[in-house]
Amino acid sequence: YIGLGEAMKRYAKCELPVPMEAMTESDQKEARKLNYLLITWCKDDAGQKRRSNPDKGNGLEAWRLFYTEWEPQLQNRFGNLLLQILNTKFKGESLKELESWETQIREYESSTEDKIAANIRQATYQNGLPEGSVLPRHLQLNSDRFGTWPETRAAVVKYFQNRKAW
């Protein structure tokens, strides 16, 4: 499904419909595969949107319609997502919250041309931890060892691994 994923990314961002006959042979094959998957998976509003596709059998066009409807490229949306990332408050209780935050960052970066710099990630994470909890104190006491985001992230991972009750 690697080729399908690439085709989905390309066609999702097309402003105008791309009929099957204008596609390469390999993209036509991917369009038919995706159409079958969408028939199987899409119900309710998504199913109706798929059925409204005038180019029957073209799953990539259906995907473009989905993307246009449910993932509009609005600058305000991206600004709000960035603010949500930068204003995240962590509990400092598990690695899951860090991983969830990093998923938000990947979604933001894949939707825009922007990348969130490592030093911004580090400052945001440390600023988002609750005052007085053990993890920020640990990071502050060892700040000479954790100068970069990758080092800080590795320390956080190790911190939570060491706290596990086996």
Side-chain angles (χ1 to χ4, degrees), residues 1-129 147-154 156-157 160:
Y1 290 100
I2 293 171
L4 180 57
E6 291 303 315
M8 289 168 69
K9 286 179 187 176
R10 278 195 323 273
Y11 286 96
K13 296 185 180 182
C14 291
E15 291 183 25
L16 299 172
V18 181
M20 286 277 270
E21 55 270 7
M23 294 180 184
T24 64
E25 191 175 317
S26 66
D27 282 353
Q28 287 178 9
K29 182 178 176 185
E30 300 301 336
R32 285 189 290 275
K33 263 196 264 183
L34 181 57
N35 188 62
Y36 174 77
L37 293 172
L38 294 177
I39 288 170
T40 306
W41 294 337
C42 294
K43 307 289 183 231
D44 303 322
D45 290 345
Q48 181 57 40
K49 178 63 77 177
R50 182 195 54 76
R51 287 187 295 277
S52 73
N53 178 6
D55 195 6
K56 301 299 179 203
N58 185 347
L60 290 169
E61 175 57 17
W63 185 255
R64 188 191 71 78
L65 293 170
F66 289 173
Y67 193 83
T68 302
E69 175 84 15
W70 291 299
E71 287 290 330
Q73 301 297 305
L74 303 175
Q75 191 59 39
N76 190 34
R77 178 179 177 272
F78 299 131
N80 289 338
L81 183 56
L82 179 59
L83 284 174
Q84 186 179 355
I85 290 167
L86 296 176
N87 292 321
T88 300
K89 295 298 178 199
F90 301 96
K91 294 179 182 176
E93 296 174 354
S94 75
L95 192 56
K96 286 181 185 176
E97 64 184 3
L98 173 61
E99 292 168 342
S100 174
W101 179 65
E102 289 177 323
T103 298
Q104 284 184 307
I105 291 172
R106 281 191 299 279
E107 289 172 1
Y108 172 79
E109 290 178 340
S110 70
S111 298
T112 68
E113 300 291 318
D114 300 332
K115 299 292 179 207
I116 298 177
N119 61 335
I120 301 296
R121 291 177 193 219
Q122 183 166 357
T124 300
Y125 184 73
Q126 288 181 317
N127 188 50
L129 290 168
T148 66
W149 171 243
E151 292 169 342
T152 300
R153 189 192 187 291
V156 170
V157 169
F160 285 118

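It should be emphasised that the depicted structure is a prediction, and the values quoted were computed from it without experimental measurement.
- With respect to Q122, the side-chain hydrogen bond (donor to acceptor under 3.5 Å, both in side chains) criterion is satisfied by exactly one of T152, N127, T148: T152.
- Of the inter-residue distances, the one linking I39 atom CD1 with R50 atom CZ reads 5.0 Å to the nearest 0.5 angstrom.
- For D44, the CG atom is loosely surrounded, since the number of other residues' heavy atoms within 6.0 Å does not exceed 12.
- Ring pair Y125/W101 is tilted by interplanar angle, where 30° to 60° counts as tilted.
- Looking at heavy atoms from C-beta onward, E30 lies out of side-chain contact with E6 at the 4.5 angstrom threshold.
- Minimum heavy-atom separation, A62 to L38: CB-CD1, 3.8 Å.
- A salt bridge links E61 to R64: at least one charged side-chain nitrogen sits closer than 4.0 Å to a carboxylate oxygen.
- Between N53 and N35 there is no side-chain heavy-atom pair separated by less than 4.5 Å.
- The shortest heavy-atom contact between K91 and E97 is N-OE1, 2.9 Å.
- The two residues N58 and A31 have their closest heavy-atom pair at OD1-CB, 3.6 Å.
- The shortest non-hydrogen separation linking A118 to W149 is O-CB, 3.3 Å.
- Taking all atoms of both residues into account, the shortest heavy-atom contact from L60 to D27 is CD1-O, 3.5 Å.
- In this structure a side-chain-to-backbone donor-acceptor pair under 3.5 Å is present from T112 to Y108.
- Atom CD1 of I105 and atom CG of L82 lie 9.5 Å apart (nearest 0.5 Å).
- Looking only at distances, a side-chain donor or acceptor of S52 sits under 3.5 Å from a matching main-chain atom of K49.
- Other residues, nucleotides and ligands contribute over 12 non-hydrogen atoms within 6.0 Å of the CG atom of N119.
- The number of heavy atoms from other shown groups lying within 6.0 Å of CD (E15) does not exceed 12.
- Shown here is K115, whose NZ atom has more than 12 heavy atoms of other residues, nucleotides or ligands within 6.0 Å.
- You'll find the side chain of D55 stays beyond 4.5 Å of the side chain of V18, heavy atoms only.
- Open room surrounds CD on E25; 12 or fewer heavy atoms of other groups in view lie less than 6.0 Å from it.
- Across every non-hydrogen atom of K56 and R51, the tightest pair is NZ-O, 2.6 Å.
- Among residues two or more places apart in sequence or in another chain, the salt bridge (Lys or Arg N to Asp or Glu O under 4.0 Å) test is passed with E109 by R121.
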